[in-house]
Amino acid sequence: MKREFDPNTFLATIGEGRKILVVEKKQSIFTQGDAADAVFYIRAGKVRLTVVSKAGKEATIGILKEGDFFGEGALAGQKVRMGSSAAMTVCELLRVNKIAMMEALHREHAFSDMFVAYLLARNIRYEEELVDQLFNSSEKRLARVLLILAHFGKEGIPETVIPKISQETLAEMIGTTRSRVSFFMNRFRKLGFIHYNGGLQVHSSLLNVVLHD
């Protein structure tokens with residue numbers, strides 16, 4: 001009888017070509033220019049992805065959470081990392097080397113289906129973010145980022161944004177200045193869309209900013 005394959009069990013198992021890493025808050029996972037020789041899966045925690053331009057300017061290109069993959073460029077022929085990654089909280093990661101990942105994708109169709117679906121979903125998200133940058137105001141972009149960081153819609157209730165994210169990082173993510181982020185955050189707070197209570201709490205009413213024309 002053919003064994004049923006459980007992708008989550010596969011990812012949780014430490015085996016050949018795979019190992020669990022515990023990364024402390026603010027610790028680097030890999031740096032732009034490092035050899036692209038593995039894919040990572042986040043078992044717990046949050047990871048920040050950044051890229052540095054030739055002029056030395058750093059930009060945040062993503063904040064990932066439990067259940068996300070990163071470093072998958074190694075599977076697409078990248079020899080070196082095109083960006084950097086660092087832990088925003090204490091993270092538990094599964095590191096799968098390139099050869100083991102390729103073998104698993106070829107051997108386990110259920111895992112391959114899950115991984116491809118994840119990449120497609122991320123591609124759609126990147127397209128949405130591009131449209132957001134091209135057509136929406138910085139205020140709408142900030143509201144959308146806050147809702148995403150709070151995982152709004154997952155459980156139908158808002159969650160506290162953990163860890164605290166600096167206004168400089170938020171400004172990088174939406175392509176504006178820190179002072180503009182500060183202005184909008186103060187406005188959101190006065191309107192009751194967000195509040196601070198040991199962390200940043202995001203309310204469903206913030207959707208009004210995103211949906212308003």
Side-chain angles (χ1 to χ4, degrees), residues 25-26 29 40-42 44-53 57-73 82-89 91 116-213:
K25 183 179 179 180
K26 295 186 179 180
I29 301 163
F40 295 85
Y41 176 78
I42 305 174
K46 289 183 184 288
V47 171
R48 180 183 176 195
L49 304 180
T50 59
V51 65
V52 177
S53 71
K57 184 176 180 181
E58 183 181 74
T60 298
I61 57 175
I63 293 176
L64 306 181
K65 61 186 184 303
E66 179 182 335
D68 286 342
F69 291 91
F70 64 101
E72 67 274 5
M82 305 304 290
S84 301
S85 62
M88 296 185 70
T89 64
C91 291
V116 170
Y118 172 80
L119 294 181
L120 289 172
R122 180 184 283 188
N123 189 58
I124 290 169
R125 189 163 75 242
Y126 284 163
E127 288 182 355
E128 289 173 345
E129 289 170 358
L130 177 59
V131 170
D132 200 34
Q133 290 281 354
L134 291 172
F135 297 111
N136 290 331
S137 68
S138 53
E139 183 178 28
K140 279 189 179 182
R141 295 199 301 273
L142 176 60
R144 182 173 177 273
V145 164
L146 292 174
L147 289 165
I148 290 171
L149 291 174
H151 311 316
F152 188 78
K154 286 279 183 79
E155 305 289 340
I157 56 173
E159 297 179 11
T160 300
V161 176
I162 300 173
K164 292 179 181 177
I165 296 173
S166 70
Q167 292 186 351
E168 287 83 357
T169 297
L170 288 170
E172 289 174 9
M173 294 177 72
I174 64 174
T176 191
T177 62
R178 192 207 62 79
S179 61
R180 291 297 285 166
V181 168
S182 178
F183 174 79
F184 293 135
M185 293 290 279
N186 284 329
R187 183 151 79 180
F188 292 166
R189 182 179 55 79
K190 289 176 182 177
L191 290 170
F193 297 155
I194 63 173
H195 79 271
Y196 297 93
N197 182 23
L200 179 63
Q201 195 78 18
V202 178
H203 300 291
S204 59
S205 54
L206 187 59
L207 281 167
N208 295 329
V209 176
V210 177
L211 299 175
H212 180 71
D213 289 327

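All values derive from a computational prediction rather than experimental measurement.
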For this session: Report yes or no: does Asn186 contribute a side-chain atom to a donor-acceptor pair with the main-chain N or O of Ser182 at less than 3.5 Å?
Result: yes

For this session: For side-chain contact (heavy atoms from CB on, under 4.5 Å), just list the numbers for Ile174 and Val181, CA-CA rounded to whole Å, side-chain angles, deciding distance to a tenth of an Å, and then say yes or no.
Result: CA-CA 9 Å; Ile174 64 174; Val181 168; 4.1 Å; yes

For this session: Can you sort out the partners of Ser53 under side chain to side chain donor-acceptor pair (under 3.5 Å), two or more places apart, ordered by chain and number?
Result: none

Problem set entry | Residues that Ser137 engages under side chain to side chain donor-acceptor pair (under 3.5 Å), provided they are two or more places apart | none

For this session: For Met173 and Val145, work out which heavy atoms get closest and say how close.
Result: CE-CG1, 4.1 Å

Exercise. What are the two closest heavy atoms between Arg178 and Ala171, and how far apart are they?
Worked result: N-CB, 3.7 Å

Problem set entry | Check against side-chain contact (heavy atoms from CB on, under 4.5 Å), Thr176 and Leu142 | CA-CA 9 Å; Thr176 191; Leu142 176 60; over 6 Å; no

Problem set entry | Side chains of Met185 and Tyr196 in contact at under 4.5 Å (non-hydrogen atoms) | yes

Seminar exercise, completed: Smallest heavy-atom separation, Lys140 atom then Val209 atom, equals CG-O, 3.4 Å

Exercise. Nearest heavy-atom pair of Ala86 and Ile29: which atoms, and what distance?
Worked result: C-CD1, 4.0 Å

Exercise. Between Phe193 and Phe188, what is the ring plane arrangement, given parallel below 30°, perpendicular above 60°, and tilted in between?
Worked result: tilted

Problem set entry | Sidechain-backbone polar pair: Thr89 side chain, Lys46 backbone, donor-acceptor under 3.5 Å | yes

For this session: Identify the two heavy atoms, one from Ser85 and one from Phe70, that lie closest to each other, and give their separation to 0.1 Å.
Result: OG-CE1, 3.6 Å

For this session: Report the C-alpha distance between Phe40 and Val47 in whole Å, list the side-chain angles of each, state the deciding distance to 0.1 Å, and finish with yes or no for side-chain contact (heavy atoms from CB on, under 4.5 Å).
Result: CA-CA 11 Å; Phe40 295 85; Val47 171; over 6 Å; no

For this session: Look up atom CG in Leu147 and atom CD1 in Ile194, then write down how far apart they are to the nearest 0.5 Å.
Result: 10.5 Å

For this session: Without swapping roles, check the side chain of Asp68 against the backbone of Lys65 for a donor-acceptor pair under 3.5 Å.
Result: yes

Seminar exercise, completed: Closest non-hydrogen atoms of Arg48 and Glu58, given as atom of the first, atom of the second and distance, are NH2-OE1, 3.9 Å

